[in-house]
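Residue numbers begin at 1 in each chain, while the letters A, B, ... track the order of the sequences. Remember, predicted model here, so these are calculated numbers, not experimental data.
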2 protein chains.
Amino acid sequence: MGDDYIVQPVIKALQVLEYVARQGRDVTLTETVHELGLPKTTVFRYLQTLSAANYLEHDVGRDRYRVGRKFRDMARVDQDLTGLRQVAQPEMRKLVDTFHETVNLAVLTDSQVVYIDMLEPDARALKASARVGYRHPAHSTSLGKAMMAFLPDADQRLLAEGMLSQMTFRTLTDAGQLRRQADDVRRRGYAIEIGENEDGVMCIGVPILDRSGYPVAAMSLSAPERRMKPELTTVAADALKGAARRISTNLRSNFSR
Amino acid sequence: MGDDYIVQPVIKALQVLEYVARQGRDVTLTETVHELGLPKTTVFRYLQTLSAANYLEHDVGRDRYRVGRKFRDMARVDQDLTGLRQVAQPEMRKLVDTFHETVNLAVLTDSQVVYIDMLEPDARALKASARVGYRHPAHSTSLGKAMMAFLPDADQRLLAEGMLSQMTFRTLTDAGQLRRQADDVRRRGYAIEIGENEDGVMCIGVPILDRSGYPVAAMSLSAPERRMKPELTTVAADALKGAARRISTNLRSNFSR
DNA sequence: ATCAAACGTCCCATCATGTGGGACAGCGTC
DNA sequence: GACGCTGTCCCACATGATGGGACGTTTGAT
């Protein structure tokens with residue numbers, strides 16, 4: 001099939017990248033040239049380009065190339081997210097099967113909540129408004145509140161005092177009020193949000209903490225407001241907290257942020 | 001400085017790759033286009049190209065792209081080697097300071113020993129012949145023998161029955177002889193090689209095993225034959241074994257091969 | 001100390017090929 | 001049934017990737 005649509009420079013540059021990465025040590029231009037059988041000038045340019053993009057690092061003094069920062073960062077992010085999702089998946093499944101409501105998994109990026117996974121009950125007619133990949137403000141979602149409450153004080157303040165957009169008429173846009181809520185959340189271990197992000201929808205959110213207590217992600221159960229009776233809320237919150245705790249302990253100890 | 005020598009297609013393709021990896025989920029063509037602000041056709045080609053190179057994976061059914069096998073493999077290899085070297089470094093340092101001879105670290109690739117690190121004593125005039133990145137046959141080095149002896153039987157046989165090149169007049173080129181030596185090595189915990197790889201140079205090699213007992217690497221002390229008295233050999237072998245054991249336990253439990 | 005081989009950088013003319021607008025078909029949606 | 005959105009495909013154009021070769025510097029050998 002799509003053997004057209006292949007961009008030659010990209011393929012060749014990736015070969016160079018791969019060669020460097022496979023060695024696990026600093027390599028020289030000529031060595032790479034010999035190994036790959038490409039023209040010297042070409043390889044030279046690719047090494048420069050890859051270095052400029054920080055996929056490689058150019059040790060100017062010794063004229064050697066090695067794997068760079070950007071590559072490692074990307075690998076780390078990928079690993080963390082993949083691991084998180086794998087560990088969270090069975091717990092999310094259980095929650096969905098128990099409560100028959102949508103369960104979300106999200107991380108915090110630039111004061112926004114980014115959904116990285118989502119499980120929906122088959123039978124319900126009402127579908128979730130968010131999709132995997134969507135973003136919502138941190139301050140208007142239970143996910144965001146749950147994470148915010150467990151952030152170091154400086155980060156928390158930064159978030160609360162950022163731009164607090166009004167999503168619905170119920171959205172809290174006062175920094176002080178948000179910070180007071182955060183205290184409650186920390187005490188209770190979960191956050192609640194009722195129609196603050198979207199009319200008629202309520203969410204219960206819990207943080208997923210790494211070993212050091214940092215909120216690397218959050219999980220929420222989201223349901224139509226009228227379906228969520230107060231006593232059910234408590235039960236669901238407890239279930240979420242339990243699930244989050246199990247996910248935390250199952251996370252690779254070296255989840256990095 | 002080198003802002004020339006930048007190959008545009010490569011830069012742009014890497015942006016696409018980065019975007020996909022950062023999401024930690026399956027992305028669509030259009031979404032990527034919107035995010036990066038590049039022409040649709042261009043992004044399309046890059047996604048195809050990256051997929052063809054297995055840096056991405058193209059879920060044809062759902063027309064989504066996600067991080068691919070090759071990317072993860074490279075990340076893993078890089079992590080493992082970097083980790084190995086970091087953990088091994090202080091132990092190698094100690095060995096060099098104790099014996100004032102060259103200490104090597106190597107892994108096995110395609111029946112060849114690849115040096116991934118090397119520490120030399122400052123004062124000695126005689127320099128090691130190998131360099132980081134160089135390759136030697138597995139069967140003519142103590143490093144190779146040390147690893148071979150702890151390989152699963154099938155792999156071991158494969159190595160012993162491959163091409164056994166004659167490096168010096170002492171090099172063993174008989175498969176049976178090599179396999180018998182392997183038994184000794186496994187019993188003693190270290191391998192010795194005297195002038196089999198290079199005239200006048202002897203090496204003592206020990207394997208570095210992961211939790212499952214697989215030899216992920218080997219470490220050797222290499223010295224001029226005449227400097228290595230028999231009783232010193234025993235002392236050095238013990239020191240090497242101890243160092244290797246400590247490296248093994250310090251290796252991240254998830255060293256993968 | 002001397003010289004040769006090897007290495008990284010740079011230049012430049014050539015033309016392959018990357019480019020992106022636009023068209024098209026398939027699909028889900030209102 | 002029509003619209004809008006998606007991914008795929010086509011094509012003419014000129015950008016810019018290309019690679020041979022030259023140059024200055026370093027490395028290593030004698």
Practice item. Using atom NE2 of B:H34 as one end and atom C1' of D:dG7 as the other, report the distance to the nearest whole Å. Key: 14 Å
**Study point:** Any N/O donor-acceptor pair, B:T41 side-chain to C:dG21 base, under 3.5 Å
**Key:** yes
Check your understanding: Starting at CZ of A:F44 and ending at C1' of D:dA17, how long is that distance when rounded to a whole Å?
Key -> 15 Å
Check your understanding: Would you say the side chains of B:Y46 and B:Q15 form a donor-acceptor pair under 3.5 Å?
Key -> no
Practice item. Consider the side chain of B:Y5, meaning its heavy atoms from C-beta on, and name the nucleotide among C:dT9, D:dT8, D:dA17 that approaches it most closely. Key: C:dT9
Review point. What's the CD1-P distance between A:I11 and D:dA17, to the nearest Å?
Key: 16 Å
Exercise for review: For A:V77, check side chain to side chain contact (heavy atoms under 4.5 Å, CB included) against everything at least two apart and list the hits.
Suggested key: A:L81, B:R22
Check your understanding: More 5' along DNA chain C: A:D63 or B:P39, using each one's nearest nucleotide?
Key -> A:D63
Review point. Starting at NZ of A:K40 and ending at P of C:dC10, how long is that distance when rounded to a whole Å?
Key: 13 Å
Review point. What's the CD-C1' distance between A:Q48 and D:dT18, to the nearest Å?
Key: 16 Å
Check your understanding: Under the 3.5 Å rule, do the base of D:dG16 and the side chain of A:R45 count as making a donor-acceptor pair?
Key -> no
Review point. Roughly, in whole Å, what's the span from NE2 in B:H58 to P in D:dG7?
Key: 9 Å
Practice item. Please work out whether the ring planes of B:F44 and A:Y5 are parallel, tilted or perpendicular, with thresholds of 30° and 60°. Key: perpendicular
Exercise for review: Using heavy atoms to find the nearest nucleotide of DNA chain D for B:Q8 and B:T28 separately, return the residue whose nucleotide is more 5′.
Suggested key: B:T28
Point to revise | Exercise: do B:D199 and B:T168 side chains pair donor with acceptor under 3.5 Å | key: no
Check your understanding: Could you state the CG-C1' distance from A:L38 to D:dG20, rounded to the nearest angstrom?
Key -> 15 Å
